[in-house]
Amino acid sequence: MKHGWLAPMALVLVSSAVPLVQVGLDRSAPPRQTLLLTHRELMVGWTGDENSGVTLTWSWATPPDLDSLSRERLTALGISCGHELYQCNSGRGHRGWMVVGVDPDRWRGAIDSLRVRIDSNHRSGLPDSIADRRIHELVSRMKELVLYTSRLTMDAVGQDPAALAAEWNDGKHLVLAAVFHASRQTWPRDTLPGEKPLYHIYAEPVASSLYLPAQWAAAVEDTIGTLQRGYGERQQMYEVTVAVGRWWLPRVLEVVRLPDPKWPIDSLEWRVPGTSGRGSK
């Protein structure tokens with residue numbers, strides 16, 4: 001009995017070693033896929049003391065969900081839902097895979113639309129007070145887009161990560177392990193004779209956040225210089241290269257800190273009357 005502590009200790013050691021072995025094996029080969037994201041898609045989450053790292057959490061342009069799925073599509077995802085059930089899985093959800101990517105076209109289109117509206121107000125001939133107010137409102141919306149608005153989308157789901165990676169092998173997507181939460185979209189009407197059920201699923205990455213080592217923390221934290229330049233309290237602008245390895249585990253490969261934005265904010269604000277330091281350009 002005096003050696004009874006050996007079994008619990010061995011269990012702790014094994015349970016601690018398994019994740020480390022998985023990480024090691026995952027990184028033992030070149031990444032399967034990489035994806036370049038920004039501060040808009042990966043926002044700073046919990047921050048520890050100065051000697052620890054930080055975490056980056058996913059920020060979505062649109063919720064990662066799908067509507068109007070047939071029973072056959074649900075079955076293909078490995079999810080079953082009884083005829084009289086509304087929720088199709090337990091509270092823990094169902095494991096699968098999701099394809100995430102960025103949608104820069106819609107984001108840039110919104111920026112271009114605001115630029116046109118700002119230019120139009122400069123040429124509108126309206127009284128200065130009205131034009132100035134409209135321009136300041138549009139520039140504020142421009143800042144929100146440039147600094148905060150995510151481009152992250154979910155483009156596909158499935159049960160075979162290799163097949164998804166082969167289909168979305170364009171350098172603009174990443175396959176992540178996910179949890180699906182499914183429910184009946186047309187319940188209880190679809191329990192009537194002749195009615196076909198439709199389903200809704202919400203997907204979330206199994207890795208809800210990505211760890212960032214301490215040496216990269218300064219690249220993602222707020223800076224005094226940014227605040228003094230009048231942009232208000234916000235996260236530093238940065239780019240993050242995320243990869244998935246042999247076992248599809250996501251990890252950060254690189255973080256690059258970006259300079260304060262010069263386009264499109266500064267190129268527009270200097271033309272707004274009353275903006276300090278830009279009126280003479």
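All residue numbers in this chain count up from 1 along the given sequence. Nothing here was measured: the structure is a model prediction, and the numbers come from that model.
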Fill in the blank from the handout: Taken in chain and number order and not counting sequence neighbours, the residues that satisfy salt bridge (charged side-chain N to carboxylate O under 4.0 Å, His left out) with D190 are R184

Handout entry: For V116, side chain to side chain contact (heavy atoms under 4.5 Å, CB included) partners two or more places apart
Key = none

Handout entry: Whichever hydrophobic residues join L198 through chains of side-chain contacts under 4.5 Å
Key = none

Exercise for the section: Check salt bridge (charged side-chain N to carboxylate O under 4.0 Å, His left out) between R134 and all other residues, then give those that pass, not counting sequence neighbours. Expected result: none

Using a 3.5 Å cut-off and no angle test, enumerate the donor-acceptor pairs between side-chain atoms of residues 162-171 and protein atoms at least two apart in sequence or in another chain.
from, atom 1, to, atom 2, distance (Å)
D170, OD1, K172, N, 2.9
D170, OD1, H173, ND1, 3.0
D170, OD2, H173, ND1, 3.1

Handout entry: Members sharing Y86's hydrophobic cluster (side chains within less than 4.5 Å)
Key = W187

Handout entry: Pairing residues for E254 by the side chain to side chain contact (heavy atoms under 4.5 Å, CB included) criterion, not counting sequence neighbours
Key = T241, V256

Exercise for the section: For D160, check salt bridge (charged side-chain N to carboxylate O under 4.0 Å, His left out) against everything at least two apart and list the hits. Expected result: none

Completion exercise
Sorted by chain and number, sequence neighbours left out, side chain to side chain donor-acceptor pair (under 3.5 Å) with E72 holds for S70

Practice task
Report the residues that fulfil side chain to side chain contact (heavy atoms under 4.5 Å, CB included) with S150, sequence neighbours left out, ordered by chain and then residue number.
Solution key: E41, S59, A61, L152

Problem - Residue list, side chain to side chain contact (heavy atoms under 4.5 Å, CB included) with Q159, at least two apart or on another chain - result: H94, F180

Fill in the blank from the handout: For R32, the salt bridge (charged side-chain N to carboxylate O under 4.0 Å, His left out) test, sequence neighbours excluded, returns none

